[in-house]
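Keep in mind that the numbers below use all heavy atoms, side chains included, and drop hydrogens, waters and symmetry copies.
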Amino acid sequence: MDVGVFTATMRAMASTICGYCETYTHMTHRWSSYANERELIQVASTCDNCQRLSVGVVEDSRGSGAGLESDFNNSAGSPQWWPKAGQSPQILDVPAHIAKAAREAYSTASINANVASILMARTVVEAAAKANGITSGNLVTKIDKMKDAGLIRAVLADAAHEVRHLGNDMAHGDLDDLPDSDDVQDVLELMKQILNEVFQSPAIAARLKNRRMG
């Protein structure tokens, strides 16, 4: 197949989460070409669900010669799609508005928006305090009040302060030393532990007690 040939009838079974409709769906190839001395395959494909156009790129490490469509679908590499769809886990037993913010922290991390992810994690920590009636003072005070109220252990209070420190740097425009993916994953794990301690573990304990009481 020649470089740049339009192939409206190509029907690939490449699947991904569409960046537009956020549905896990097959992408139908409309155009494909090699790039970078045939080391990359780039495709333009439409979502079978919403019909909008996305761009996919994959490293072609096989060079099978079977054609662009086959090489794209069977490459040893993982295709990267644009626009990217943010992905986040389901968050149970957490107030809806806080769960939504936490999911945003995860989804922005999944598309490498590290600063946005850390800022949202900081917001989640403060919202957790406010949801428990701790509304006065700055975030330092709120975290310490959560500890004093027994909502979080001292070690988690220290963790919450680390989230606060990173978030403060971003919020105040200190962008000289940007966070990397390891920083973000650590912050998300700390956020997860705080949500578990403040909301999820008490909810599980309450359900177990209700079952026991009958």
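Distance check: I204 CD1 to R207 CZ gives 5.5 Å after rounding to the nearest 0.5 Å. To the nearest 0.5 Å, atoms NZ (K147) and CD1 (I152) are separated by 8.5 Å. Going from atom CG of D48 over to atom NE2 of H26 covers 7.5 Å, rounded to the nearest 0.5 Å. The distance from atom CZ of R164 to atom CD1 of I118, rounded to the nearest 0.5 Å, is 14.0 Å. Here the straight-line distance linking atom CD1 of I143 with atom CD1 of I194 works out to 7.0 Å at 0.5 Å rounding.
A chain of hydrophobic side-chain contacts below 4.5 Å, direct or via other Ile, Leu, Val, Met, Phe, Trp or Tyr residues, connects V163 to V184.
A side-chain donor from one of Q42 and S33 sits under 3.5 Å from a side-chain acceptor of the other. In summary, the side chains of Q193 and E197 do not present any donor paired with an acceptor at a separation below 3.5 Å, with no hydrogens or angles considered. Side-chain N/O atoms of T141 and D144 include no donor and acceptor closer than 3.5 Å.
Taking all atoms of both residues into account, the shortest heavy-atom contact from S107 to S110 is O-OG, 2.7 Å. Between C47 and T25, the shortest heavy-atom distance links the atoms SG-CG2, 3.3 Å. Smallest separation of non-hydrogen atoms from A160 and V125: CB-CG1, 4.1 Å. Among all heavy-atom pairs drawn from V43 and W81, the shortest one is CG2-CH2, 4.0 Å.
Not a single donor-acceptor pair under 3.5 Å links the side chain of S117 to the backbone N or O of N114. Of the possible polar contacts, one joining the D183 side chain to the D180 backbone as a donor-acceptor pair under 3.5 Å is found.
The side chain to side chain contact (heavy atoms under 4.5 Å, CB included) test with F199 is passed by exactly one of L151, L92, N132: N132.
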